[in-house]
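Since the structure comes first, as structure tokens, the remarks are kept for the end.
In the text below, chain A, chain B and the rest are named by the order of the sequence lines, each starting its count at 1.
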Number of protein chains: 2
Amino acid sequence: MESKKPVDRRMQIIEAAGKSFAMFGYKATTMELVSKIAGVGKGTIYTFFATKEDLFGEIIRQLAGELRSLAERMIDRERNFFANLAAVLHELLLFREKHELMVKLSQEIRDIGTPMAKDGIAKLEQAIQGFIQHEVELAVKKGELRDSVDPALTAFIMLKLYVAIGVEWSKSHPLTREEIADYFTNLLSSGVAAR
Amino acid sequence: MESKKPVDRRMQIIEAAGKSFAMFGYKATTMELVSKIAGVGKGTIYTFFATKEDLFGEIIRQLAGELRSLAERMIDRERNFFANLAAVLHELLLFREKHELMVKLSQEIRDIGTPMAKDGIAKLEQAIQGFIQHEVELAVKKGELRDSVDPALTAFIMLKLYVAIGVEWSKSHPLTREEIADYFTNLLSSGVAAR
DNA sequence: CAATTGACCGGATTGTAATTATGGTCATTT
DNA sequence: AAATGACCATAATTACAATCCGGTCAATTG
């Protein structure tokens, strides 16, 4: 029971901050606004978070957690590595397009390049990459992937590749989810050289 | 003999513009400055180019030509497709880092996001991608690559992937040219699935 | 007395009006 | 006929006052 009043306050603040960052982005969220939404005095926020960046960091940390657990839920140990990978990456793309905070931060980066917003998105991508890296390591152990691969680089590549196909390429050449997954899986698993 | 005075003027202007765009970027290059460097009156530029964008377009077109011929020279028909591809992409990365105009435009995009600079770089990348696509088509015909690949998408992917490894990943994990080429070739030719 | 608050501070940001710089034109010159 | 640069309208920059906001802390509360 380490909870009671202080934890309640902390929660109120985190929830208020989450809403505000999602609605207005990093820059347009003021500490005063957060305090109003949370129904606490501005000074109270500083009892729990040293700076606005800290508060934002906590929100990002929670979102990264959500992201990881979402990815976790997409994994079906009955399926092979590539099927799981495509499913996870697809889900992450959807999340990116649907989750208000991610949408807002991406927009803010495009429009005004807020460094903290970049930082936040980078942390989220890092979380995803870390998750994939872990899966790659498992797949190597299980013998599904060659043990010559560098898990970190491979995870990095997989994420880049999926985003490149699923977002950038799809802009000019619409592809269905299946087409993306097929192309992606095929390229990664066996390459393009003639057999 | 369609050359004489007019062509000479045109050349003077193009050379001056090339220098100015490379030294000051798109935005900070003024038509007056170009005319001064070229040693002609400002109005004369408009005899040959309708707008500043046109003039810039011509400079980019020439650079794209240089880029293509550089790529062409890297191709050795004795070597296999992947060796040539890695050589070409490596050379293009060097070019990107060394050619003043490309460096300046990239910096301008980072710093102030000049749309015309973005446009110029995009055209250059398009030229590169087109070149690779052509090589992919040849390789498919020669039976070096599977004929199930989509040449345009494959060229797009190859460029993305090489830049991702050679620029982004190398920032945090320095790799030699050979390591990049090896990883890249290996991944593209045969994938990462256990054999 | 520990927790909470909001008035307050100084530096950053923004609105805006005046000034300057620049792309493009065209009457004049060569 | 080709070339030029003064000129124009608008875009970009500057200067600066007004406003905003992150963070502090003395006063207040329960």
Side-chain angles (χ1 to χ4, degrees), chain A residues 1-21 23-60 108-109 111-117 119-120, chain B residues 1-21 23-60 108-109 111-117 119-120:
Chain A
M1 257 134 303
E2 41 115 288
S3 48
K4 205 60 198 284
K5 276 246 285 308
V7 167
D8 205 35
R9 281 262 190 284
R10 194 184 145 90
M11 272 268 285
Q12 282 174 278
I13 291 166
I14 288 177
E15 269 172 33
K19 283 179 194 164
S20 182
F21 284 128
M23 286 217 278
F24 309 112
Y26 181 80
K27 183 164 175 228
T29 287
T30 70
M31 295 304 262
E32 172 144 19
L33 178 57
V34 173
S35 80
K36 287 288 202 319
I37 298 175
V40 303
K42 180 152 70 115
T44 306
I45 299 178
Y46 290 90
T47 309
F48 301 100
F49 303 95
T51 65
K52 182 182 177 182
E53 299 194 5
D54 259 29
L55 176 57
F56 183 64
E58 176 59 29
I59 302 299
I60 293 294
E108 191 172 351
I109 291 172
D111 297 349
I112 54 176
T114 318
M116 276 306 288
D119 194 82
Chain B
M1 252 134 298
E2 44 115 290
S3 48
K4 203 63 194 286
K5 276 245 288 302
V7 166
D8 205 35
R9 283 263 191 286
R10 195 185 146 89
M11 272 267 285
Q12 282 175 280
I13 292 166
I14 289 177
E15 267 172 35
K19 281 179 195 163
S20 181
F21 284 129
M23 286 218 278
F24 309 112
Y26 181 81
K27 185 164 173 228
T29 286
T30 69
M31 295 304 262
E32 173 145 17
L33 177 57
V34 172
S35 79
K36 286 289 200 316
I37 298 176
V40 302
K42 181 151 70 109
T44 305
I45 298 178
Y46 289 90
T47 308
F48 301 100
F49 303 95
T51 65
K52 181 181 177 182
E53 299 193 4
D54 260 28
L55 177 56
F56 183 64
E58 176 60 28
I59 302 300
I60 293 294
E108 190 172 350
I109 291 172
D111 296 350
I112 54 176
T114 318
M116 275 307 288
D119 194 81

Could you check whether A/T30 gets within reach of a base, just the sugar-phosphate, or nothing at all, counting any heavy atom under 4.0 Å?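 The answer is sugar-phosphate, as A/T30 gets under 4.0 Å only of primed atoms, P, OP1 or OP2.
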Is any side-chain nitrogen or oxygen of [X] closer than 4.0 Å to OP1 or OP2 of [N]?
X	N	value
B/K27	D/dT13	yes
B/R9	D/dA2	no
B/T47	D/dA2	no

For nucleotides 23-30 of chain D, which of its nitrogen or oxygen atoms have a protein nitrogen or oxygen under 3.5 Å away, and what is each distance?
unit_1	atom_1	unit_2	atom_2	d
D/dG23	OP2	A/Y46	OH	3.3
D/dG23	OP2	A/K52	N	2.7
D/dG23	N7	A/K42	NZ	2.9
D/dG23	O6	A/K42	NZ	2.0

Parallel, tilted or perpendicular: ring planes of B/F56 versus B/Y26, cut at 30 and 60 degrees: perpendicular
Heavy-atom side-chain proximity of A/F49 to A/I14 below 4.5 angstrom: yes
Test item: A/F21 and A/I60 side chains (from C-beta on) under 4.5 Å apart, heavy atoms: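 No, too far: nothing below the 4.5 Å cut-off.
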Minimum heavy-atom separation for B/S20 to B/I37, with atom names? CB-CD1, 4.0 Å
Spacing of A/M116 atom CE relative to D/dG22 atom C1', expressed in whole Å: 13 Å
Applying salt bridge (charged side-chain N to carboxylate O under 4.0 Å, His left out), run through B/E15 and B/K19 and close with a yes or a no. CA-CA 6 Å; B/E15 267 172 35; B/K19 281 179 195 163; 5.2 Å; no
Keeping A/T51 on the side-chain end and A/E53 on the backbone end, is there a donor-acceptor pair under 3.5 Å?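 Yes; at least one donor-acceptor contact below 3.5 Å.
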